[in-house]
Asks: 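Take a look at this one; I'll ask things after.
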Amino acid sequence: MAGAELVELAKRRGFFFGANGAYGGTAGFYTFGPQGAALKRNLEDAWRDRFTLQEGNREIEAPTVMPEAVFEASGHLEGFDDLLVECGECGESHRADHLVEDATGIEDAEALPGEEVEELIREHDVACPSCGSPLAGRDVEDFNLMFATDIGPGDGQPGYLRPETAQGIFVEFPRLKEYARGSLPFGITQIGPAYRNEISPRGGLLRLREFTQAELEQFIDPEADEPPLERVEDVEVRLYPATAQDEEDGEYLDTTVGEAVSEGVIGSPWVGYYLGVAQEWYERVGVDTDRFRFRQHLAGERAHYAADCWDAESEVDGDWIEIAGFAYRGDYDLSKHDAYGDDSFTVFKRYDEPKTVERATVDPDMSVLGPEFGGDAAAVAEALETLAGRDPDAFEDETVTVEVGEGDERETHEIDADVANFSIEAVTENGEHITPHVVEPSFGVGRTVQTLLAHAYETDEVDGEERTYLSLAPEIAPRDAAVFPLVTNDEPLTDLAGRVAADLREAGLAVAYDDSGSIGRRYRRQDEVGTPFCVTVDRDGIEGDGPETVTVRERDSAAQARVPVADLADELAALRTGGTFDDLIDRYGAVETDVETTTEN
RNA sequence: GCACCGUUGGUCCAGUGGUAGGACAUUAGCUUCCCAAGCUAAUAGCCCGGGUUCAAUUCCCGGACGGUGCACCA
């Protein structure tokens, strides 16, 4: 349990803190300090490496402000809109639309305007579910979780800050499919901020009004495309299926991705594939697998379009928090934009062999229909065409009967079959337009940062003194290394230390230089921000005829190796990308120290 | 958004109707050849607005922010 201590450390050492403190602070907004910003960037780079580069996907960057029409199509305008009513007696807030639905049997009261819901509450004498007092006469407040703004001067055009990064990908699909040369499957990623005007932001980075998402939209042909499941079939995962959650003493299912998919625990192979990829990635960036699981959504919490949905959850401070979601979204998103937007959100799927199909067509003689039906002629022609597709037999008689117009205007007409020019043609079809399905792994970056810090937070004793350190993965740690002169009143040491730091920076490493206070203090400073390696320049390294050497200290064990200055940059780079410190000691030799670490827990 | 509690140097806390003190941290110097040592000095604070009062960091009201519970979390 390190909650309060971690928050204090995050503030003191520059990981993150509440934003706009000089103006009283703003709930739901956090600033990442120097350490936190570096950590977050490293995490995003690791995500980009795995989910964009390794998968052969492509990353885009769409605007954060989008026009209202986008969210009409996506459903956010309605779905993100809550109608709240507050009880005057006990002060409880309730979803007004839900209360009305329960009282009246109306479905989808959410879509009704606030005044109408107020009216319905009055008519049906809806009472507060908490205390039973009547709610009639109370204001129904309209609360939309999206931040609204105006695009352009004056009244402009209404726009919203995107509540998820995904829409930026879906909206641009017509062009993105061109870049994929019209072929499925392909994946588009995006890392960026999203905004939700949360009623009550809480818990540090856990529920913010501005937060960073890393999302992949994998577009597939549901009938043809299969994921490379063999790559992750042996990956071990801890699953928490819906059935287990329903049981009193439901247990985790420790299995492999391959098993879970073949046994149908995970419904979609694509979702299974990405759970496996994610599991490996989470281990790589330093999530404690004992405090990690994939939890299946219960039927009730699943969005209506999602056939199967799993969350990655991590345990932070005793609570399980959602850090990623994996949803099979079907064709929901693209179909909606196809219907609402101007462009085509389908791809052309070529058949293996062109198909020849017989198609009934008509070619009405408009020089007859025009004089006869006047303004209705076009409608009649269209009706004939529809009829030909539906019931070709109707054209076998001498006359054909069609209906045109709506409601009271509806009229029945009889037309000579000759005029319709009915025929059955053989048509060659090379393929069809299909709406791709979408598999969406969606990661919360801030929540992952919080998880990594919580899981990396350790205390032990070094030389009998208590120590706090962050056991961050070298790839993720804000800094790659720190460089110190062992003592500060020895000019050759400070000179070399300064030179070493400059060389390492030139080699592309993020390096801190520190010559303030005792050596132990400097080690502890770096331990607390998770710097994996500390380079110390000492007398032994510059005396004698051999090449200059320095000691490299590993954070968690406090063990040291003596490494030539000339090799240092390469060795540190290797350690960052998966090299082990034991290997370094094997090759260069350890430095004997009396320092001992204990690990509590 | 409601209820309760809280807000004092960078951090964690003490305290007061007459504007504040500690610890740690930080900075400078000395010391120091491997793990928050020591010595000297320095920097730095009462969340914001209104009210009561001769006087408010302190009391009262409101707000902001934070914690907890409820509600909310497509």
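Just so we're on the same page: letters track the sequence lines, and every chain starts at 1. Here the structure is a predicted model, which is why all the values come from computation and not from measurement.
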Asks: Hey, is CD on A/Glu322 packed in by over 12 heavy atoms from elsewhere, all under 6.0 Å?
Replies: yes

Asks: Can you name the nearest heavy-atom pair linking A/Thr488 to A/Thr494, along with the distance?
Replies: O-CG2, 3.9 Å

Asks: Which part of the nucleic acid, if any, lies within contact of A/Glu528, taking any heavy atom under 4.0 Å across all strands shown: a base, the sugar-phosphate backbone alone, or nothing?
Replies: base

Asks: Between the side chains of A/Glu465 and A/Arg524, is the shortest nitrogen-to-carboxylate-oxygen separation below 4.0 Å, so that they form an ion pair?
Replies: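 A/Glu465 and A/Arg524: not salt-bridged.
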
Asks: Considering every strand shown, what is the Watson-Crick or G-U wobble mate of B/A3 when both distances are under 3.5 Å?
Replies: B/U68

Asks: If the C1' atom of B/U26 is compared with that of B/C65, how far apart are they to the nearest Å?
Replies: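 About 26 Å, rounded to a whole number of Å.
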
Asks: Measure distances between side-chain N and O atoms of A/Ser518 and base N and O atoms of B/C34, and say whether any donor-acceptor pair falls under 3.5 Å.
Replies: no

Asks: Which value, in whole Å, describes the distance between the C1' atoms of nucleotides B/C59 and B/A55?
Replies: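 About 13 Å, rounded to a whole number of Å.
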
Asks: Classify the nucleic acid contact of A/Ala558 as base, sugar-phosphate or nothing, counting any heavy atom under 4.0 Å across all strands shown.
Replies: base

Asks: Between B/C65 atom P and A/Arg209 atom CZ, what is the distance in whole Å?
Replies: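 Atom-to-atom, A/Arg209 to B/C65, this comes out as 7 Å.
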
Asks: At less than 3.5 Å, do the side-chain atoms of A/Glu198 and the base atoms of B/C72 form a donor-acceptor pair?
Replies: no

Asks: When the distance from CZ of A/Arg524 to C1' of B/C34 is rounded to whole Å, what number comes out?
Replies: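 The distance from CZ of A/Arg524 to C1' of B/C34 comes to 11 Å, rounded to the nearest Å.
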
Asks: Pairing check on B/C73: which nucleotide meets the Watson-Crick or G-U wobble criteria with it, both distances under 3.5 Å?
Replies: none

Asks: Sequence neighbours excluded, which residues qualify as ring-ring contact (aromatic ring centres under 6.0 Å, His included) partners of A/Phe170?
Replies: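 Partners of A/Phe170 under the ring-ring contact (aromatic ring centres under 6.0 Å, His included) test: none.
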
Asks: Can you tell me how far P in B/G66 sits from the matching atom in B/C24, rounded to whole Å?
Replies: 31 Å

Asks: For B/U52, which nucleotide in any strand shown is its Watson-Crick or wobble partner with both distances under 3.5 Å?
Replies: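 Paired with no nucleotide.
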
Asks: Using the C1' atom as the point on both nucleotides, what is the distance between B/C46 and B/U40, in whole Å?
Replies: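 Looking at atom C1' only, B/U40 and B/C46 are 29 Å apart.
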
Asks: Specify whether A/Tyr282 and A/Phe443 have parallel, tilted or perpendicular ring planes, treating 30° as the upper limit for parallel and 60° as the lower limit for perpendicular.
Replies: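 A/Tyr282 and A/Phe443: tilted rings.
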
Asks: Could you say whether A/Ala27 or A/Lys11 is positioned toward the 5' end of RNA chain B, judged by the nucleotide with the nearest heavy atom to each?
Replies: A/Lys11

Asks: So what does A/Gly541 touch, heavy atoms closer than 4.0 Å: a base, only the sugar-phosphate, or nothing?
Replies: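 Here A/Gly541 touches no strand at all.
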
Asks: Please determine, for the side chain of A/Val595, which listed nucleotide (B/U31, B/C34, B/G1) has the closest atom?
Replies: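 Out of B/U31, B/C34, B/G1, the nucleotide with an atom closest to A/Val595's side chain is B/C34.
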
Asks: Report yes if a donor N or O on one partner sits less than 3.5 Å from an acceptor N or O on the other, where the partners are the side chain of A/Arg522 and the base of B/C35; otherwise report no.
Replies: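 Answer no: no donor N or O sits under 3.5 Å from an acceptor.
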
Asks: Using only atom types and a distance under 3.5 Å, with no angle test, would you say the side chain of A/Glu554 pairs donor to acceptor with the backbone of A/Phe581?
Replies: no

Asks: Out of B/U11, B/G66, B/C34, which has the shortest distance to the side chain of A/Leu486?
Replies: B/C34

Asks: Once you round it to whole Å, what is the distance between P of B/C73 and CG of A/Leu208?
Replies: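 So the CG-P distance, A/Leu208 to B/C73, works out to 18 Å.
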
Asks: Roughly, in whole Å, what's the span from CZ in A/Arg13 to C1' in B/U26?
Replies: 10 Å

Asks: Name the closest nucleotide to the A/Thr593 side chain, picking from B/A36, B/U11, B/C34.
Replies: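 The listed nucleotide nearest to A/Thr593's side chain is B/C34.
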
Asks: Please measure how far the C1' atom in B/U8 lies from the corresponding atom in B/A56, and state the result in whole Å.
Replies: 14 Å

Asks: Is the phosphate of B/A25 approached by A/Arg521 (side-chain N or O, under 4.0 Å from OP1 or OP2)?
Replies: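 Looking at the OP1 and OP2 atoms of B/A25, one of them is under 4.0 Å from a side-chain N or O of A/Arg521.
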
Asks: Establish whether the base of B/C34 is bridged to the side chain of A/Tyr523 by a donor-acceptor pair shorter than 3.5 Å.
Replies: yes

Asks: Taking the same atom, C1', in B/G15 and in B/C72, what whole-Å distance lies between them?
Replies: 40 Å

Asks: Provide the Watson-Crick or G-U wobble partner of B/U11, both distances under 3.5 Å; none if there is no partner.
Replies: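 Across all strands, the one nucleotide that pairs with B/U11 is B/A23.
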
Asks: May I have the distance from A/Leu6 (atom CG) to B/U11 (atom P), rounded to whole angstrom?
Replies: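 In whole Å, B/U11 P lies 16 Å from A/Leu6 CG.
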
Asks: Give one of base, sugar-phosphate or nothing for A/Asp463, where a contact means two heavy atoms less than 4.0 Å apart.
Replies: sugar-phosphate

Asks: Rounded to whole Å, please give me the gap between CD in A/Gln526 and C1' in B/A36.
Replies: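 From A/Gln526 CD to B/A36 C1': 13 Å.
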
Asks: Looking at the side chain of A/Asp538, which of B/C35, B/G1, B/C34 is the nearest nucleotide?
Replies: B/C34

Asks: In the strands shown, is B/C39 matched to any nucleotide by a Watson-Crick or G-U wobble pair with both distances under 3.5 Å, and which?
Replies: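 With both distances under 3.5 Å, B/C39 matches B/G29.
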
Asks: Taking 4.0 Å as the cut-off, does a side-chain nitrogen or oxygen of A/Arg525 come that near to OP1 or OP2 on B/U26?
Replies: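 Yes.
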
Asks: One thing to verify: whether A/Asp460 and A/Arg467 come together as a salt bridge, which I'm taking to mean a side-chain N less than 4.0 angstrom from a carboxylate O.
Replies: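 Salt bridge between A/Arg467 and A/Asp460, a charged N being under 4.0 Å from a carboxylate O: yes.
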
Asks: Under 4.0 Å, counting only non-hydrogen atoms across every strand here, what does A/Asp490 touch: a base, just sugar-phosphate, or nothing?
Replies: base

Asks: Please state the P separation for the pair B/U19 and B/U27 - nearest whole angstrom.
Replies: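 Taking atom P in both B/U19 and B/U27, they lie 33 Å apart.
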
Asks: If you only use heavy atoms from C-beta on, which nucleotide in B/C35, B/G66, B/A36 is closest to the side chain of A/Arg553?
Replies: B/C35

Asks: With a 3.5 Å limit on both atom pairs, tell me what B/C46 is paired to, counting Watson-Crick and G-U wobble, or say none.
Replies: none

Asks: Got a donor-acceptor pair under 3.5 Å from the side chain of A/Ser516 to the base of B/U27?
Replies: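 Checked by distance alone, the answer is no.
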
Asks: What is the distance, to the nearest angstrom, from the CD atom on A/Glu8 to the C1' atom on B/A25?
Replies: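 After rounding, the gap between these two atoms is 10 Å.
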
Asks: Do any N or O atoms from the side chain of A/Gln296 and from the backbone of A/Ala242 form a donor-acceptor pair under 3.5 angstrom?
Replies: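 Flag set: sc A/Gln296 to bb A/Ala242 pair under 3.5 Å.
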
Asks: Could you let me know what B/G17 is paired to, Watson-Crick or G-U wobble, both distances under 3.5 Å, or none if it's on its own?
Replies: none

Asks: Tell me: OH of A/Tyr30 to P of B/C65, nearest whole Å?
Replies: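 In whole Å, B/C65 P and A/Tyr30 OH are 12 Å from each other.
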
Asks: With a cut-off of less than 4.0 Å, is there a side-chain N or O of A/Asn489 near OP1 or OP2 of B/C30?
Replies: no

Asks: Report the residue (A/Gly204 or A/Tyr23) whose heavy-atom-nearest nucleotide on RNA chain B is the more 5′ of the two.
Replies: A/Tyr23

Asks: Does OP1 or OP2 of B/U68 have a side-chain N or O of A/Arg202 closer than 4.0 Å?
Replies: no

Asks: For B/C54 and B/G17, measure between their C1' atoms and round to the nearest Å.
Replies: 12 Å

Asks: Between A/Phe15 and A/Phe17, does the ring centroid distance fall short of 6.0 Å?
Replies: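 Aromatic pair excluded; centres sit 6.0 Å or further apart.
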
